[in-house]
Q: 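Mind looking over this structure? Questions follow.
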Amino acid sequence: MASVRVAVRVRPLSQREKDRSAKTIIQIDGHTTTLFKKKDICLSGEPSGKLGKSFRFDFSYDSMDITNPNCVTQDKVFEDLGIEVLQAAFEGYNASVFAYGQTGSGKSYTMMGSPSNYGLTPRISGGLFDHIDGESQKGKTSFQMEIRERFPLESHRGGRTDCSVLMRRPLWQLDSSDGYSLSRHKVQSFTQVNQLLLEGNSRRATAFTAMNHVSSRSHAIFTIHFKKAMFDAELPSETVSKVHLIDLAGSERADASTTAGMRLKEGANINRSLVTLGIIISSLADLSVCSGMRKPSFIPYRDSVLTWLLKDSLGGNSKTIMIATISPADVNYSETLSTLRFANRAKNIVNKPTVNEDCNVKIIRELRAEIGCLKALLSVGSLVS
Ligand SMILES: Nc1ncnc2c1ncn2[C@@H]1O[C@H](COP(=O)(O)OP(=O)(O)OP(=O)(O)O)[C@@H](O)[C@H]1O
């Protein structure tokens with residue numbers, strides 16, 4: 001059993017927020033993130049009293065001032081979270097990282113970053129290849145890596161098709177006619193992965209340029225299938241891990257003054273899949289927290305493709321990390337509060353990660369260990385008598 005690990009990251013004020021004379025209403029202290037109302041911020045910019053709403057997370061990252069030596073960098077996020085994912089993959093566990101937050105709050109920055117300042121996805125891919133290079137030189141282990149990229153085009157025929165598509169065809173057969181962009185590649189070097197990431201990002205952006213959008217208007221799911229073959233207890237053995245790295249579309253408010261027509265409809269579809277995600281997170285959190293409570297009869301993963309893809313990551317066989325990204329500005333108070341509440345519920349989800357290995361090899365290894373113990377007991381017994 002393993003709880004979903006949750007991190008919150010707050011970015012610097014954007015130029016647009018500065019132009020609107022926005023005030024910083026977030027304070028980070030150790031693991032705790034506190035959100036204040038604008039009226040509780042003094043002229044000095046400091047919050048007055050203890051009036052804010054506080055949330056405690058596994059990690060609360062202050063990236064508000066890049067000139068501050070304590071500003072949480074991409075390196076630090078990778079050290080805390082990325083290394084954990086690499087460890088899980090090497091040991092044969094599934095792992096997932098997903099970034100959730102309002103549009104423009106820093107999801108892509110944290111997950112993808114830029115060529116001069118990589119985010120988690122390229123760093124984790126690079127880390128896997130570093131491991132492969134190190135282990136391959138010892139000559140006892142072989143590896144295979146395959147990348148699958150999926151971009152559920154939420155605008156396609158409306159979100160309602162999600163469910164029916166899943167009933168008709170398995171996920172790996174979905175294509176652009178189902179509102180999907182899906183690609184699958186065997187990779188042998190970090191350069192190849194990086195190329196795929198760049199191509200994938202431009203495809204994702206292009207899809208929406210055609211529709212007059214600038215921000216990422218779809219979820220991006222980058223999955224690494226990592227296979228490790230070795231000899232264990234003189235038997236050939238294999239572990240297979242799936243690492244999902246997910247940059248969700250923005251969870252913005254469908255505000256009629258800034259959003260209209262097709263964009264509003266698309267926003268509503270994105271929000272629908274995020275609402276389903278919210279329902280699932282709430283149901284799983286209730287399930288874990290209130291053991292005495294009547295259990296929900298089922299978790300509606302199939303209500304959206306997004307949640308169906310995340311089935312293992314949420315409440316299933318995976319070590320999962322959620323990164324909630326927020327803006328520090330007062331103008332985003334309600335979105336930030338809703339992101340913090342969402343993240344706070346996700347903390348309560350308990351997953352059941354197990355090593356994905358050939359069960360025959362596992363049984364033989366356990367039986368051999370038991371025989372070893374019995375032999376040791378017998379020899380102690382014969383010494384005593
Ligand atoms: N931690 C950070 N440090 C510095 N700049 C940041 C940080 N996080 C985000 N930014 C900047 O904020 C802007 C918005 O970030 P980003 O594009 O990652 O948002 P997003 O949540 O992915 O948005 P969308 O949902 O629209 O895709 C970018 O210019 C990015 O460089």
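Counting starts at 1 for both ligands and their atoms, in listed order.
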Q: Out of Ala99, Gly101, Ser108, who gets a non-hydrogen atom closest to atom 22 (O) of ligand 1?
A: Ser108

Q: Test of understanding: given a 4.0 Å heavy-atom threshold, classify the contact between Ser114 and ligand 1 as side chain, backbone, both, or neither.
A: neither

Q: I'd like to know if the side chain of Lys228 and the backbone of Ser241 have a donor-acceptor N/O pair within less than 3.5 Å.
A: no

Q: For ligand 1, which atoms have a heavy atom of Gln102 less than 4.0 angstrom away?
A: 21 (O)

Q: Going by the order shown, which atoms of ligand 1 are within less than 4.0 Å of some heavy atom of Arg9?
A: 1 (N)

Q: Would you say ligand 1 has an N or O under 3.5 Å from any N or O of Gly106?
A: yes

Q: Would you say Asp247 and ligand 1 have an N/O pair spaced under 3.5 Å apart?
A: no

Q: When you check the side-chain N and O atoms of Thr223 and His244, is any donor under 3.5 Å from an acceptor?
A: yes

Q: Within a distance under 4.0 Å of any heavy atom of Ser63, pick out the atoms of ligand 1 and give their elements.
A: 1 (N)

Q: What is the minimum heavy-atom distance between Ser283 and Ile299, and which atoms define it?
A: CB-CD1, 3.7 Å

Q: Show the atoms of ligand 1 that are less than 4.0 angstrom away from any heavy atom in Gly104.
A: 14 (C), 19 (O), 20 (P), 21 (O), 23 (O), 24 (P), 25 (O), 26 (O)

Q: Determine the sole option in Lys242, His225, Lys186 for which the side chain to side chain donor-acceptor pair (under 3.5 Å) test with Glu146 is passed.
A: Lys186

Q: May I ask whether Ser105 has any heavy atom positioned less than 4.0 angstrom from an atom of ligand 1?
A: yes

Q: List the atom of Thr73, the atom of Arg9, and the distance in Å for their closest heavy-atom pair.
A: C-NH2, 3.7 Å

Q: Thinking salt bridges, do Asp75 and Arg123 make one under a 4.0 Å N-O criterion?
A: yes

Q: Using a distance-only test with no angle check, is there a side-chain donor-acceptor pair under 3.5 angstrom linking Ser327 and Ser105?
A: no

